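Quantities reported herein were computed from a predicted structural model and do not represent experimental measurements. Just so you know, these numbers use all the heavy atoms, side chains as well, and skip hydrogens, waters and symmetry mates. By convention in this document, chain letters (A, B, ...) are assigned in the order of the sequence lines, proteins followed by strands, and residues within each chain are numbered from 1.
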Amino acid sequence: PSSSQVFVVRRDQDIYIQTLRKLFNESHGIFMGLQRSEEELAGKSRKAHLVQVSKNYRSVIRACMEDMHEAAGKFVSLKFGPAFLQVSILSAMELIWNLCEILFVEAATAGPLLLRLLDWVRLHVCDVDSMVREVLSSESPSKHKLFWNVVDIFVLQGRMDEARHLLSKEASANPTSMNMYKILDELMKKMPVPSIGNTQTLTELELKWQHWHEECQRYLQDGTFASSPHMESICKILLGDEDAILEKKELMTTWYHFLVTRLLYSHPTVKPVELRFYAQSSMDLFLGGESSPEPLDMILMAAFEFEIHQVIKECSIVLSNWWFVAHLTDLLDHCKLLQSHNLYFGSNMREFLLLEYASGLFSHHSLWQLGVDYFDHCPEYGRVYLELHIERIPLSTEQKALKVLRICEQRQMQEQVRSICKIMAMKALRNNRLGSALSWSIRAKDAAFATLISDRFLKDYCERGCFSDLDLIDNLGPSMLLSDRLTFLGKYREFHRLYGEKRFSEAARLLLTLMTAHIAPCSFWMTLLTDALPLLEQKEVIFSAEQTYELMRCLEDLTAGNPDKQKFQDDDVETTKVEMLRLALARNLARVIVKEGTVEGS
Amino acid sequence: MLTPCDNRVSIWSAGDLGNAGLNGEYHGEPHLLCDIQHNGDVMDMQFLDQERLVVASSTGTVTIFRHHQNNQTLSANHRWEKAHYHVDQDTSCGGAACTGVVCNNPEIVTVGEDGRINLFRADQRDAVRTIDNADSSTLHAVTFLRTTEILTVNSIGQLKIWDLRQQRNEPSQIFSLAGDRVPLHCVDRHPNQQHIVATGGQDGMLSIWDIRQGTMPVSLLNAHEAEMWEVHFHPSDPDHLFTCSEDGSLWHWDTSTNVSEKPSFLHQGGRSTAYLSHSTINQSVVSAWLSNDPTKDRMEITNLIPNQTLSVNSLDVLGPCLVYGTDAEAIYVNRQLFA
């Protein structure tokens with residue numbers, strides 16, 4: 001017996017959160033820019049470009065966070081509701097993306113790697129600014145209870161200048177510690193750090209750093225800072241003493257802050273491949289068996305281990321929306337970092353994620369337009385997905401239908417064009433908008449529908465005895481040629497016009513052509529012949545003998561061709577009509593023979 | 001500056017011009033002043049006066065909103081429900097989109113997918129006049145030709161003039177494109193020369209018409225690659241024309257470049273040209289719009305959007321400011337159009 005499961009299917013709720021729309025729209029622009037710029041750059045400039053794209057994505061995330069902050073601020077009830085949650089999710093996304101940018105996109109090497117990680121920690125990990133403001137704005141900062149916390153956190157984040165600045169306040173307030181302060185200040189000032197430009201090699205840096213480290217060691221062992229536990233602990237931190245750093249756990253708040261601080265003070269020239277070991281041990285030391293890692297921790301750990309696929313997989317599981325993984329994976333793919341990791345149904349990971357994301361967009365009444373572009377850049381299945389989705393967009397206004405049509409036409413999706421035009425034409429027809437219906441048929445070059453519309457017009461005419469929508473029929477132009485029936489309609493109307501203008505011989509010729517050239521449908525011949533009656537009855541002879549014979553032949557074809565007795569059972573009107581016609585034709589023939597036989601002259 | 005956004009009508013402040021820097025640059029972003037929910041898509045809108053705004057909805061309703069400047073709020077002032085409908089006004093799903101609205105205080109004219117033309121007065125509950133079945137196809141746009149005449153364009157490529165003083169429900173004149181009856185989506189009239197009319201079509205073509213003569217356009221200019229949604233003459237500087245399209249571009253058509261052909265006394269300083277015989281300047285420039293051969297040195301055409309992606313649905317221009325909105329849900333403001 002197999003286990004049965006009930007799945008709860010839920011629509012993607014994120015689409016509907018107002019502020020995220022900005023994220024979707026802006027990132028679409030960045031995505032498109034990235035796809036288009038593919039061929040242009042190479043080498044260093046390409047990498048710089050990709051880093052810039054990454055930064056752009058991140059700034060969009062941050063902009064959304066700010067919007068949400070603002071929105072949440074306005075409504076107290078939302079403070080712990082979905083908006084608040086969203087902000088923290090966005091913040092986590094930006095944290096992860098930033099790390100990926102450093103490790104994968106920029107692929108920072110030993111030296112700059114540490115600097116980037118420091119920036120990352122400073123930007124994301126703990127909110128120092130409010131503490132700093134509080135301390136600095138107080139009357140005697142060095143007496144403030146948070147004073148040493150702030151100094152410590154500056155040191156932990158490698159912000160030496162700021163730490164020294166604060167320490168100087170302590171020194172001026174407390175002259176007895178002046179000596180200690182001067183030494184510590186000097187040590188902090190001299191600390192060797194990696195630089196971005198290639199002003200020194202790693203070996204040089206390591207050498208300098210070694211010297212400096214030994215100097216700090218000497219001062220500590222001499223007991224220079226013995227009388228100030230705070231300063232002593234700072235010196236220990238400078239020496240990379242793990243226990244001293246761990247003591248400041250509350251300030252650092254996270255294991256990855258701990259990791260970066262450790263690296264700063266014990267191994268500033270860390271290489272990317274070495275990160276994994278430090279990361280694992282940092283997490284273990286920090287959490288110390290008290291708490292277990294959260295999903296975010298696992299994602300960051302996977303990043304430090306350079307397991308890109310793991311990062312993406314974990315993110316896909318944790319986040320409720322495909323936005324993040326789709327765009328990040330696409331960017332990483334452009335960095336040529338994803339092996340063609342074929343998933344079992346054939347498409348690669350990048351395409352899979354983009355397809356999922358774009359499909360999600362299609363469930364929104366307006367964001368579907370973004371989805372189209374994403375499908376365009378999925379070479380294997382994009383087109384198929386687009387074909388299926390585009391037909392299901394509700395066409396509430398003509399303008400929307402036109403936009404959908406334009407998309408289909410640009411991609412040579414003929415079937416969808418026909419289907420959409422038919423839907424719109426039927427709607428128009430049902431609402432009695434014959435001109436609109438014709439306009440849609442012309443767009444789709446749908447002859448069959450044009451015939452349908454013409455039949456409608458002709459039916460209206462037969463019922464009412466006059467044409468509706470003359471503005472349309474009189475102005476068909478070249479579109480008249482779309483279908484035979486439409487041509488007939490146009491020509492028939494022209495016949496009426498000619499008759500109205502008393503251009504009888506032209507009208508007569510046209511009428512005859514309509515029948516003999518088989519432009520008119522057989523069902524209409526009776527009407528046409530009846531229309532011929534007034535012309536036959538004119539004082540002046542209009543139809544020539546030839547033409548009259550033609551008309552007679554038409555009449556005979558009409559009556560003889562149908563052996564059904566039904567036609568004659570219809571009503572007497574029919575038989576009367578036929579008789580009248582025969583009579584009129586005969587009379588006309590008589591007159592015209594005489595006329596044509598008469599010699600002109602006297 | 002206004003924008004429809006997830007069915008809201010919003011009013012934005014494009015920034016206080018007094019805060020502009022020395023070289024006229026302004027670094028602030030437009031910020032939202034107030035907004036209000038709107039039922040259905042906003043198809044078109046126009047200011048009736050300083051405080052009131054008329055909005056056309058895809059549900060067929062036409063609403064007047066009032067902007068209260070003192071407390072920065074919007075309220076619905078008046079509403080004509082089902083101004084546009086198919087077949088039966090009373091059925092719930094019979095609404096037809098109102099596609100265009102134009103105002104000449106206190107008159108308001110609307111057109112829709114039902115081929116109907118409505119004439120409203122701002123404070124009258126019922127329509128002053130309705131022309132049912134004015135057109136057998138969809139009317140896409142309307143504009144005033146004179147105070148008593150309007151111009152409409154439809155989806156079978158016709159430009160029609162309607163005289164509202166006359167009681168009969170027929171257009172007084174019909175113009176149509178030669179060749180294929182490509183639907184026309186937008187129309188605008190030259191601010192000073194009332195016989196010059198510009199229309200934009202579904203194939204992105206810009207047509208210039210002289211309605212004093214003939215029934216066909218004077219010039220056809222191959223412009224965009226997809227539907228042209230809006231066309232606007234610059235209200236105070238009509239040598240300049242702006243068009244926006246589904247293809248994501250916004251074009252600035254500039255016929256003022258033939259200034260160099262004018263006699264030398266017009267060159268003395270920018271100011272003096274404004275005071276010279278205005279009609280002569282206009283006439284020689286007008287001929288540029290009506291000329292059959294817009295060669296390169298007579299008309300300059302610029303695409304104002306560097307990285308186009310999605311459709312530009314709407315634009316407006318006043319003085320040195322250009323505003324446009326795109327399908328990427330973004331509004332752009334250009335405050336230095338002629339810099």
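- The minimum heavy-atom distance linking Ser439(A) with Ser155(B) is given by the pair OG-O, 3.1 Å.
- From Thr309(B), atom OG1 reaches atom CG of Asp373(A) across 7.5 Å, with rounding to the nearest 0.5 Å.
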Step by step, work out the salt bridge (Lys or Arg N to Asp or Glu O under 4.0 Å) result for Lys400(A) and Glu113(B).
CA-CA 13 Å; Lys400(A) 203 163 173 186; Glu113(B) 280 181 14; over 6 Å; no

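- Distance check, rounded to the nearest 0.5 Å: OG of Ser136(B) to CZ of Phe457(A) gives 6.0 Å.
- In this structure, Lys403(A) pairs ionically with Asp327(B), as a charged nitrogen and a carboxylate oxygen lie closer than 4.0 Å.
- Across every non-hydrogen atom of Ser396(A) and Asp41(B), the tightest pair is OG-OD2, 4.4 Å.
- Using a 4.5 Å cut-off between heavy atoms, Asn313(B) contacts chain A through its side chain alone, with no backbone atom that close.
- The number of heavy-atom neighbours closer than 6.0 Å to CG of Asn303(B), taken from other residues, nucleotides and ligands shown, is above 12.
- Heavy atoms of Leu402(A) lying under 4.5 Å from chain B belong to its backbone as well as its side chain.
- Within a 6.0 Å radius of CG in Asp163(B), other residues, nucleotides and ligands contribute more than 12 heavy atoms.
- For the set Asn307(B), Leu177(B), Asp135(B), the entry with the most heavy-atom pairs within less than 4.5 Å of chain A is Asp135(B).
- Trp229(B) places a side-chain heavy atom less than 4.5 Å from the side chain of Gln399(A).
- For the options Thr326(B), Leu310(B), Thr99(B), heavy-atom pairs under 4.5 Å to chain A are most numerous at Leu310(B).
- Atom CD of Gln37(B) has 12 or fewer heavy atoms from other residues, nucleotides or ligands within 6.0 Å.
- For Lys55(A), the NZ atom sits in a packed shell: over 12 heavy atoms of surrounding residues, nucleotides or ligands are nearer than 6.0 Å.
- In this structure, no portion of Asn432(A) lies under 4.5 Å from any heavy atom of chain B.
- Here the CD-CG distance, from Gln202(B) to Leu405(A), works out to 8.0 Å after rounding to the nearest 0.5 Å.
- Heavy-atom distances place the side chain of Ala97(B), and not its backbone, under 4.5 Å from chain A.
- Between Lys22(A) and Glu329(B) the shortest side-chain heavy-atom distance does not fall below 4.5 Å.
- Within a 6.0 Å sphere centred on CD of Gln72(B), other residues, nucleotides and ligands contribute more than 12 heavy atoms.
- A donor-acceptor pair under 3.5 Å is absent between the side-chain atoms of Arg433(A) and the main chain of Thr138(B), judged by distance alone.
- Contact of the Ser311(B) side chain with the Arg406(A) side chain is not registered, since no non-hydrogen atoms from C-beta on lie closer than 4.5 Å.
- Heavy atoms closer than 4.5 Å to chain A are found nowhere in Glu170(B), neither backbone nor side chain.
- Between chain B and the options Arg430(A), Glu26(A), Met32(A), Gln369(A), the largest number of non-hydrogen pairs under 4.5 Å is found for Gln369(A).
- Counting non-hydrogen atoms of other residues, nucleotides and ligands closer than 6.0 Å to CE of Met205(B) gives a total above 12.
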Let me see the working for Glu398(A) and His140(B) under side chain to side chain contact (heavy atoms under 4.5 Å, CB included), right down to the final yes or no.
CA-CA 10 Å; Glu398(A) 288 201 354; His140(B) 284 294; 3.9 Å; yes

